[in-house]
Colleague: 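Below is one structure. I have some questions about it.
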Amino acid sequence: MSPCAFSWAALNNCYFPRSPPLRFVSEFFKFVSEQCNNYKGNFILWLGPYPKVYFQTPDCTQAILSSTEHIDKSTEYALLDVWLGTGLITSTGQKWHHRRKLLTPAFHYNILETMLEPMQDTTDILVDRLSQELDNSGFDVFPIMKLTTLDIVCETTMGYDLGALKNQNSAYTQAVGIVAEISMKRFMLPWLHYDAIFKRTEMGKTYYRELEVMKKFTLSVIRARRNLLAQRQNAQDTNNDEDQLAGSASKQVIRARRNLLAQRQNAQDTNNDEDQLAGSAKPSRGVLWKRHVDQILKHPLPITRSADITIQDDNNVPLDDDNISLDDDNIPINDDNIPINDDNVQPNDVFHSPDVRCQKVAMMSQKILIAKILKRYVVGSTVKPKNLRLAQNIVLENEGGVILTLKQRCDGRIPWWEMCSISWENPLLTVHVAANMLVPAGCSIFINVFEQHRIPEYFPNPLEFNPDRFLEKFKHPYAYVPFSAGPRNCIGQKVAMMSQKILIAKILRRYVVGSTVKPENLRLTQNIVLENEGGVILTLKQRCEKDSSRESELSMGTESSMDKGSSTDDSL
Ligand code: HEM
């Protein structure tokens, strides 16, 4: 059997036969769920002449998500280009590498800390807003949560107080809803993939109209932000020392700094020189240094550093942003938010630099070097160990040299799955998925996380609300992947988790939450994000003083936190 025939045989085939009725999107979700139950494994769904491969087992998920080679998004994502452009989510290749490296430091813990306050403020507004729904027999929380998310994202990423929640509506969120729904419909109707046809349909016209609303909104936020930053920048230059400010109000400055960086990036994108914003006042030394750091942040891997250190690869070729590959999606940065890796640090040069500012860089580079070496080799020593506490390595040398022994990790054995990958190599069939499965090149692969998270083997009694299951390690490293995994995982997952925790804690502290909709009555639909057709209907009751004093004991799904009259609050 040729590899090709083998691969197709290994996947079950199914065909989506129906013509598109009005509620097409929800029907599609139901249909896919049914196929998942039928096949209990991976399958191919034919949409007209296009095969779509659905994976829902952790092994296959791992094969795709852990790959550094197969990082291209599926062709369906191209339908979002007109909306999202080719930013981090949709881009690929060098562009994606560069953007990912650029943005990763913006999600560092130090930065996340500054997001805490705006998240809490917005959540307080939400909790107040929810009081209007007290003792309501059921209200849809979904639109309210969309506004909350929008406010949080605007405030944390752009430092812009949008106030969508206070104003109770937002043309932007409505437009997002419409555009998302149309995008999903378009995805399922292959003939609408062609712009020339799509633009002439009613759906296409609505799509472009709503897109305009969204674009106007995002531009207005960027402009408002730019104006604010220009004012702040002028004020900073007048003060002539940013560091003084840092001493008196460090938190606000960190926030301002982050916003400034975002703005400078925008300024760079539009060829809007930063100096225009900074005004003509001569900047102080402190400001110059900070700018230098910003510059590094803008170009995490610059060709030269302040001490004229040329960054070169092993063959002495100077490195720039375009020829550096990304190993890690968590790029370490130091306290000044400088992204560091062993490509942009030449340890010896740093050690010899008279500049004390390089100390942190040096420490970081040591850590990285050690980690990288240990990843590849088992290191031993024939002399007694010395560490930095007893012998600082900047001046001390051992006369006999530093004698080490190295062994290749895993004794140089290539794991069996890599062997399989090599032996099955075929120009037509480039994606090696598992030992017995290959997927034809050019096929879209969908990771069906919804179904994968319901596999009893990995999640016993999958529909039971049992937070304790997260206390133990999962059987498979790719069993639980709500934020995807591997190099293209969600860059904002820590932000998302943090805001969810704040939201849930603050809501439960004040209200007893219930739901009138039984899980079996949900009509789930995939509008880019998962939605229920009838909304997310909740009931709220004021939690009494006594209850709220027991907030630390609260956990969702326990009787104390539930309205016994309501069916369940597991749906949260
Ligand atoms: C509960 C909330 C969230 C969930 C469940 C989630 C989930 C995901 C998933 C599954 C992906 C991979 C998509 C793909 O492979 O096509 C992704 C990517 C991404 N997410 Fe999130 N996300 C969440 C919140 C956020 C937030 C708050 C941000 C930004 C502040 C964010 C920014 C991104 C970006 C930029 C990517 C693309 C990363 C890349 O391709 O390098 N996400 N997210």
Side-chain angles (χ1 to χ4, degrees), residues 88 99-123 152-161 225 228-229 232-233 236 241-266 286-302 305-306 326-345 350 355-368 371 483 489-503 505:
L88 193 63
R99 294 279 160 102
R100 180 85 193 199
K101 233 171 186 174
L102 190 76
L103 287 171
T104 298
F107 295 91
H108 184 261
Y109 279 111
N110 290 346
I111 306 271
L112 291 188
E113 209 186 304
T114 68
M115 296 183 180
L116 202 62
E117 203 182 299
M119 276 179 192
Q120 283 181 333
D121 293 349
T122 309
T123 311
I152 289 178
V153 169
C154 274
E155 175 72 20
T156 52
T157 59
M158 299 294 283
Y160 181 78
D161 181 9
R225 187 75 218 133
L228 197 68
L229 287 167
R232 203 173 280 174
Q233 182 65 45
Q236 278 171 356
D241 195 343
E242 213 179 40
D243 293 340
Q244 260 180 15
L245 202 59
S248 59
S250 56
K251 257 196 165 180
Q252 283 89 332
V253 172
I254 294 170
R255 218 155 123 189
R257 190 96 242 107
R258 176 167 46 81
N259 294 330
L260 186 63
L261 290 177
Q263 195 273 340
R264 283 182 181 166
Q265 184 56 42
N266 284 333
V287 169
L288 276 176
W289 165 241
K290 292 282 182 194
R291 275 192 191 174
H292 172 66
V293 174
D294 290 355
Q295 204 61 33
I296 296 175
L297 250 188
K298 274 199 283 182
H299 300 283
L301 299 163
R305 293 178 347 108
S306 57
L326 183 68
D327 289 329
D328 237 325
D329 58 89
N330 283 323
I331 300 161
I333 59 173
N334 70 9
D335 293 346
D336 290 321
N337 284 344
I338 305 174
I340 313 250
N341 61 29
D342 47 358
D343 294 325
N344 67 358
V345 175
V350 171
D355 197 330
V356 284
R357 285 188 303 243
C358 286
Q359 277 177 14
K360 285 179 187 165
V361 178
M363 281 303 297
M364 196 62 80
S365 91
Q366 278 181 42
K367 283 184 195 164
I368 291 164
F483 292 101
N489 71 350
C490 175
I491 201 170
Q493 64 176 287
K494 289 188 202 118
V495 180
M497 285 306 292
M498 193 165 105
S499 71
Q500 280 183 51
K501 284 178 192 166
I502 294 170
L503 282 163

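Worth knowing before you read on, the calculation uses all heavy atoms, side chains too, and leaves out hydrogens, waters and symmetry mates.
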Colleague: How long is the span from the CG atom in Leu112 to the CE atom in Met497, to the nearest 0.5 Å?
Modeller: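 Atom-to-atom, Leu112:CG and Met497:CE are 12.5 Å apart.
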Colleague: Restricting to non-hydrogen atoms, name the atom on Ser499 and the atom on Ile152 that form the minimum distance, rounded to 0.1 Å.
Modeller: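 Scanning both residues completely, I find the closest heavy atoms to be CB-CD1, 4.3 Å.
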Colleague: Which distance, rounded to the nearest 0.5 Å, do you find between the CG of Leu228 and the CG of Asp161?
Modeller: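 Going from the CG atom of Leu228 to the CG atom of Asp161 covers 11.0 Å.
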Colleague: Measuring from atom CE of Met119 to atom CD of Gln500, what distance do you get when rounded to the nearest 0.5 angstrom?
Modeller: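 Atom-to-atom, Met119:CE and Gln500:CD are 10.0 Å apart.
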Colleague: If I take atom CE from residue Met498 and atom CD from residue Gln493, how far apart are they, to the nearest 0.5 angstrom?
Modeller: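 Here the interatomic distance stands at 13.5 Å.
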Colleague: Any chance you could measure Leu116, atom CG, to Ile502, atom CD1, to the nearest 0.5 Å?
Modeller: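 Going from the CG atom of Leu116 to the CD1 atom of Ile502 covers 4.5 Å.
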Colleague: Hey, could you give me the OG1/CD distance between Thr156 and Glu117, rounded to the nearest 0.5 Å?
Modeller: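 Here the rounded value is 12.5 Å.
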Colleague: Please tell me if the side chains of Ile491 and Phe107 come closer than 4.5 Å, counting only heavy atoms from C-beta onward.
Modeller: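 Yes; the side chains approach each other to less than 4.5 Å.
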Colleague: Specify the closest pair of heavy atoms between Pro118 and Glu155, including all atoms of both residues, with the distance to one decimal.
Modeller: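 That would be CB-CG, 3.0 Å.
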